[in-house]
S.K.: 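The structure that follows is given in the form of structure tokens.
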Amino acid sequence: MMWLWTSSLNFVLAILQLGFNLLVLIAVASDRRLHTNIHLLSTSLWVCNSITAIVTIFFSLNPSQCLEVPCFQHQQLPKQMVEMKSRSFAELEKFPALTTAILLNSTISLLTLLTIGFVHALARHNYHLSRSQLSRLIGSTWLLVTLLLLSDFFLIRLSRSFVLAVPFHLALLSVFLVLNLIIHPLNLIQLIISQRLNPEVENSQTVRLKKDCATASLWLLLNSLSFIIIFMMVAWESKEKDQYNSIMGIEVAAFSVHCVANPLIAVIRDRQLERSLSRIIMRNKRPRTNHEEDLIIALMRDPPPPYTE
């Protein structure tokens, strides 16, 4: 019964997550004024959130199939590998697609935030990237993520379980998280110090940069909490199957919170993004005038010339 409630909660959160992230993506794509560095870089966040939402929807609609079909059979593994697998990662292998989607989301999120922090560090020294340089940065991020996923699949094929892939990936995520926790607070601290030392030099570009750094720091805070949840998912051990499934569903729901909260923070802290999003939502709600009303309005705007014989 508990598993049914957690599946329903995950389904509702995934629908909200998918809809909200797609709306933000459309708003950024449709408004040329939003084609700035942070908006273009943050599109990777919204794309990976949408991918995770789609996987979570299928996971919530058919959880029994995920529970009945394990990834690998114990009989095909050496005895020592079976013991290692049964201690830690056997339960995760009942949710292979969901586990992969969560690791993919965390990897793209942390790498994108690291790239945003690097761009902000360059902007503090008045070095702004061109559109082509920004495109190469985004492409490099996705290429690195692809290589990491391929290495995970190689480790899974090598060990026939998650016993090597998950610790390897978590170690890399820990490195990315530590680098993010260094660069983002450093950007904010240096901007605040420079503002206090030279208050007369502050302009609109500096204010915008400080606001973007604060937004990226809030995103990093939520992603750090989600990273802790991943460790809880890996470290949790329970011999009762139903109890573990309920805990897994609750942890997936908690992990999905940052996928909804991050675009919400972006909309709240960016007036232009908020206006673009509201214009998209309200476009279909405007009252439509019929042909006669359009003709009356046109005649009132440009009346015909007077009749002469």
Side-chain angles (χ1 to χ4, degrees), residues 3-31 34 38-61 63 95 97-114 116 145 173 176-177 180 184 211-212 214-233 246-282:
W3 177 248
L4 179 62
W5 283 106
T6 55
S7 297
S8 303
L9 177 61
N10 285 324
F11 179 77
V12 173
L13 283 176
I15 292 294
L16 292 175
Q17 174 183 337
L18 180 62
F20 200 38
N21 281 276
L22 286 179
L23 279 176
V24 174
L25 270 174
I26 295 172
V28 173
S30 61
D31 195 343
L34 293 176
I38 188 170
H39 288 109
L40 293 177
L41 287 171
S42 62
T43 53
S44 297
L45 298 176
W46 319 142
V47 170
C48 71
N49 287 345
S50 301
I51 295 173
T52 308
I54 293 172
V55 176
T56 307
I57 288 172
F58 285 105
F59 164 76
S60 304
L61 289 177
F95 313 94
L98 185 62
T99 303
T100 304
I102 288 175
L103 291 177
L104 174 67
N105 187 294
S106 297
T107 306
I108 295 177
S109 298
L110 291 177
L111 278 176
T112 301
L113 289 172
L114 187 60
I116 291 174
V145 170
L173 290 180
F176 297 152
L177 181 61
N180 274 293
H184 285 284
K211 187 176 180 180
D212 290 345
T215 302
S217 299
L218 290 174
W219 291 345
L220 177 62
L221 176 62
L222 291 174
N223 277 277
S224 302
L225 295 177
S226 297
F227 184 70
I228 295 173
I229 293 174
I230 294 178
F231 266 112
M232 292 171 59
M233 292 169 65
S246 301
I247 294 296
M248 181 74 175
I250 294 172
E251 289 175 340
V252 170
F255 180 85
S256 302
V257 170
H258 88 275
C259 300
V260 179
N262 278 350
L264 181 61
I265 291 173
V267 173
I268 292 174
R269 295 183 57 83
D270 194 328
R271 292 292 182 87
Q272 184 60 45
L273 180 59
E274 180 185 354
R275 285 193 293 266
S276 179
L277 192 61
S278 61
R279 188 165 55 248
I280 292 174
I281 295 174
M282 301 300 294

S.K.: At what distance, to the nearest 0.5 angstrom, does CG of D270 lie from CG of L34?
M.R.: 6.5 Å
S.K.: Looking at residues at least two apart in the chain, or sitting in another chain, which of them share a side chain to side chain donor-acceptor pair (under 3.5 Å) with S276?
M.R.: none
S.K.: What is the minimum heavy-atom distance between E274 and V267, and which atoms define it?
M.R.: CB-O, 3.8 Å
S.K.: Within this structure, what is the OG1-CG distance for the pair T56 and L13, rounded to the nearest 0.5 Å?
M.R.: 9.0 Å
S.K.: Can a donor-acceptor pair be found, under 3.5 Å and without considering hydrogens, that links the side chain of S106 to the backbone of L103?
M.R.: no
S.K.: Short question: side chain of N21, backbone of Q17 - any donor-acceptor pair under 3.5 Å?
M.R.: yes
S.K.: Quick check: closest heavy atoms across W219 and S42, and the distance to 0.1 Å?
M.R.: CH2-CB, 3.9 Å
S.K.: Could you check if a side-chain atom of L104 sits within less than 4.5 angstrom of a side-chain atom of T52, using non-hydrogen atoms only?
M.R.: no
S.K.: Does H184 use its side chain to pair, donor to acceptor, with the backbone of L113 at less than 3.5 Å?
M.R.: yes
S.K.: What is the distance from atom OG of S50 to atom CZ of F20, rounded to the nearest 0.5 Å?
M.R.: 11.5 Å
S.K.: State, to 0.1 Å, how close V24 and P263 come at their nearest heavy-atom pair, and which atoms those are.
M.R.: CG2-CB, 3.9 Å
S.K.: Output yes when R279 and D31 qualify as a salt bridge under the 4.0 Å nitrogen-oxygen rule, no when they do not.
M.R.: yes
S.K.: Does the pair V55 and T100 meet the rule for a side chain to side chain contact (heavy atoms under 4.5 Å, CB included), with working shown?
M.R.: CA-CA 10 Å; V55 176; T100 304; over 6 Å; no
S.K.: Enter the distance from T43:OG1 to L41:CG here, rounded to the nearest 0.5 Å.
M.R.: 7.0 Å
S.K.: With rounding to the nearest 0.5 angstrom, report the CG to CD1 distance, N180 to I116.
M.R.: 9.0 Å
S.K.: Among T107, N105, T112, find the one that has a side chain to side chain donor-acceptor pair (under 3.5 Å) with S109.
M.R.: N105
S.K.: State, to 0.1 Å, how close S224 and L177 come at their nearest heavy-atom pair, and which atoms those are.
M.R.: OG-CD1, 3.3 Å
S.K.: To the nearest 0.5 Å, what is the distance between CG on N49 and NE2 on H258?
M.R.: 5.0 Å
S.K.: Is any side-chain heavy atom of L222 less than 4.5 Å from a side-chain heavy atom of V257?
M.R.: no
